[in-house]
Structure formats: structure tokens, C-alpha cells
Amino acid sequence: MGEIILHHLTQSRSHRIVCLLKELDLPFEFRVYQRDPVTSRSPAELQKIHPLGKSPVIEDQTGKVISESGTITEFLVSKYGANSELKPATADEEFEIRHLMTHAEGSMQPIEVLLYVTSKLRTGSATPFFIRPIARKIADGLDNGYAAPDLKLQLRYLDGLLAKNGTGWFVGNHISGADIMYSFCVGGAFRFTDVTPEKYPHICKWWDMIRERPAYKAANEAVKQAESLSKKAPAVQSNL
Ligand SMILES: N[C@@H](CCC(=O)N[C@@H](CS)C(=O)NCC(=O)O)C(=O)O
């Protein structure tokens, strides 16, 4: 078995794992899957890798298949991160990192998924033209009554966590799996609400710090390159 294989769906949470692999400076094989242009769902081939057909999924050098971005993050940090900044410094840190990683995927990300679905309901080609006015009302009701205020609540929570910790990072005084997991949530939040320094000063400072990291920049570049190569030749595999 060779290096780690990352099964990457375009524009997905797999971005977290690309960032992490770059932070850990681990070589990997990128296998890119294109979304269905109408439904945005993953292609059936991904179900051959993991029954849920979702991304990210990795295969490690032993052939073990691992899904769930939080679990993949924990696995890669514990297996390859002994000398990296990402390693939890104490057992308390390890606990808090796991807590926040669960929050990122279990509580915050679903709100953004709901906002994405309601945006599709309003404008997407999957909604028949003649029921769009009704679909829009339902989408507005869900957004205004639940998802939009909840996203703001989540962001205030994150801002408070950063203020309380006081180091610029979510846990301890270094980047951790929690920052990796939140990078996708916060990046996504900009699509749905104003994330400004006036409203969320600590998040905005943290976001600048994340975006300035060489690993984050390298991940963006690698994703861009791999996704565009795969659009031209769907079966492409690249090592980036
Ligand atoms: N909880 C999983 C979520 C995985 C997931 O839902 N991935 C989305 C992309 S962001 C996906 O594969 N969607 C395609 C589909 O469901 O068809 C994780 O953290 O990895």
C-alpha cells in the first residue's frame, strides 16, 4: 500500500482534510469526484468506497477506510502529528478539541446545510417554476424562524470561545483539529450572513490567521488545481 488516498468531492468538507494533510506535510493521492450538476449530489462511484457515498473519506496505507471529517482529523493527528503543532498538549486539551470538533460538525454545520437547502429551494432548477412562490415562502419561514438566527447564535458562541481562550486559537495556544473543523464552518458562514469585525471581532482575526497559513493557502491551490483537472478529465487522479 502506498500513501494516503483522499476521496474528495468538489466543494465539500473534504477541504478540511486537504488543509490538515498540508499542515501535517503528508503526501497523499487526490481522487476527485464531481457533483451532479442538477442535484449537487455525489456520484454513485463514491458509494463503492463507503456505503454513504459522502466525502471526505480516506484510505490509509493499510487499506483502512475512514469516513467523517472529525474522525479523520483525530486519526491523522494521532497517527502522524506527534511532532506537529496540532498535537494536543494535555489530556484536557484533547478533550476540549474533541468537544469542539463534535460541535462543528454536529451542531453548526447542519445549520449551514439547512441554509444551503433553502437557498436551493428558492432558486434551484430542482424546484418546478410554478411552485417557486410557495417554495420561497417555506424557505423564508425556515430561514427567518430558525436557521438564520441560529447561525448568528453559533457565530456568537465561536466568538465567545475565542475571546475566552485569548490566544487567537480555539484550544490552547496552537492550531488544533478544532480550528481545522471550524475553518469550513466559518468559510461557509460568509455565504449566509455578514461576518464582520464589528459583529465577530475574534472570529475575523482568527479567520485572517487561518487564511495566512501556508498550509491553508497550499490547500486552496491544491483543491483548485485538482478540481479543475478533474472537470476536464473526470477519471483523473493527481498527487498534490
Ligand atoms: N459528517 C460528515 C458529512 C459528510 C458529507 O455530508 N459530505 C457532503 C459534502 S460537504 C457530501 O458528500 N455530500 C454529497 C451527497 O450527500 O450526495 C463529515 O463530517 O465528513
Side-chain angles (χ1 to χ4, degrees), residues 4-24 26 28-60 64-79 81 86 97-121 124-127 147 150-151 154 158 170-171 176-192 210 216 219-220 222-224 226-228 230-231 234 237:
I4 290 164
I5 299 169
L6 172 63
H7 296 277
H8 172 92
L9 180 68
T10 54
Q11 314 268 308
S12 77
R13 272 163 260 205
S14 175
H15 189 276
R16 289 173 175 152
I17 307 306
V18 184
C19 289
L20 178 60
L21 289 161
K22 293 287 178 193
E23 284 287 350
L24 294 171
L26 277 177
F28 64 101
E29 183 182 321
F30 230 134
R31 293 207 188 151
V32 180
Y33 300 78
Q34 294 289 334
R35 289 178 182 267
D36 181 288
V38 176
T39 64
S40 295
R41 301 303 305 268
S42 60
E45 305 126 77
L46 207 43
Q47 282 178 16
K48 293 186 194 143
I49 311 300
H50 185 278
L52 294 178
K54 298 196 185 287
S55 173
V57 170
I58 63 160
E59 285 176 63
D60 82 345
K64 194 207 287 268
V65 174
I66 308 169
S67 66
E68 296 297 328
S69 51
T71 306
I72 297 171
T73 300
E74 266 201 86
F75 171 81
L76 292 174
V77 172
S78 75
K79 187 153 180 189
L86 283 121
I97 292 165
R98 187 171 302 132
H99 168 216
L100 296 185
M101 292 205 307
T102 306
H103 166 256
E105 185 57 23
S107 292
M108 186 164 180
Q109 198 63 46
I111 305 298
E112 293 187 19
V113 172
L114 180 55
L115 286 161
Y116 170 76
V117 170
T118 53
S119 74
K120 282 271 182 193
L121 201 61
S125 50
T127 308
D150 210 70
L151 181 61
Q154 298 287 338
L158 260 53
F170 279 100
V171 182
S176 72
D179 301 281
I180 298 286
M181 292 295 285
Y182 283 135
S183 66
F184 192 75
C185 301
V186 170
F190 282 89
R191 291 169 63 181
F192 304 115
I210 291 285
Y216 191 83
N220 281 347
V223 167
K224 202 165 119 196
E227 290 190 2
S228 86
S230 128
K231 216 183 252 169
Q237 294 172 9

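Sequence positions, counted from 1, serve as the residue numbers for this chain. Each ligand, and each atom within it, is numbered from 1 in the order the structure gives.
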Using side chain to side chain donor-acceptor pair (under 3.5 Å) as the criterion, list what pairs up with His15, not counting sequence neighbours.
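Checked His15 against side chain to side chain donor-acceptor pair (under 3.5 Å); matches are Asn220.
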Between Asp36, Val113, Leu9, flag the one that comes closest to atom 14 (C) of ligand 1 by a heavy atom.
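Ranked by closest heavy atom to atom 14 (C) of ligand 1, first place is Leu9.
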For atom 9 (C) of ligand 1, which candidate among Ser12, Ser42, Gly188 holds the nearest heavy atom?
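That would be Ser12.
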In ligand 1, which numbered atoms sit nearer than 4.0 Å to a non-hydrogen atom of Pro56?
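Numbered from 1, ligand 1 contributes 20 (O).
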Is there a side-chain hydrogen bond (donor to acceptor under 3.5 Å, both in side chains) between Ser12 and Tyr33 once you walk through the steps?
CA-CA 10 Å; Ser12 77; Tyr33 300 78; over 6 Å; no
Do the non-hydrogen side-chain atoms of Phe30 and Val223 ever get within less than 4.5 Å of each other?
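Of all side-chain heavy-atom pairs linking Val223 with Phe30, at least one is under 4.5 Å.
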Is Leu151 close to Met108 at the side-chain level, that is, under 4.5 Å between some pair of heavy atoms?
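Yes, their side chains come closer than 4.5 Å.
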Just heavy atoms, cut-off under 4.0 Å: does Arg35 contact ligand 1 by side chain, backbone, both, or neither?
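Arg35 to ligand 1: side-chain contact only, backbone stays beyond 4.0 Å.
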Between Arg13 and ligand 1, which residue portion shows a heavy-atom distance shorter than 4.0 Å: side chain, backbone, both, or neither?
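Both of them.
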Which protein heavy atom lies closest to [atom], and at what distance to 0.1 Å?
{"atom": "atom 1 (N) of ligand 1", "value": "Glu68 OE1, 2.6 Å"}
{"atom": "atom 8 (C) of ligand 1", "value": "Ser55 O, 3.8 Å"}
{"atom": "atom 15 (C) of ligand 1", "value": "Arg41 NE, 3.3 Å"}
{"atom": "atom 19 (O) of ligand 1", "value": "Ser69 OG, 2.7 Å"}
{"atom": "atom 16 (O) of ligand 1", "value": "Lys54 NZ, 2.6 Å"}

Candidates Lys54, His7, His8 - the one meeting side chain to side chain donor-acceptor pair (under 3.5 Å) with Ser14:
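Per the side chain to side chain donor-acceptor pair (under 3.5 Å) rule, the option paired with Ser14 is His8, out of Lys54, His7, His8.
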Do the side-chain N and O atoms of Ser69 and Arg16 include a donor-acceptor pair separated by under 3.5 angstrom?
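On atom types as modelled, these side chains qualify, holding a pair under 3.5 Å.
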How about Ser230 and Gln34: does a side-chain donor come under 3.5 Å of a side-chain acceptor?
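Present: a donor and an acceptor within the cut-off.
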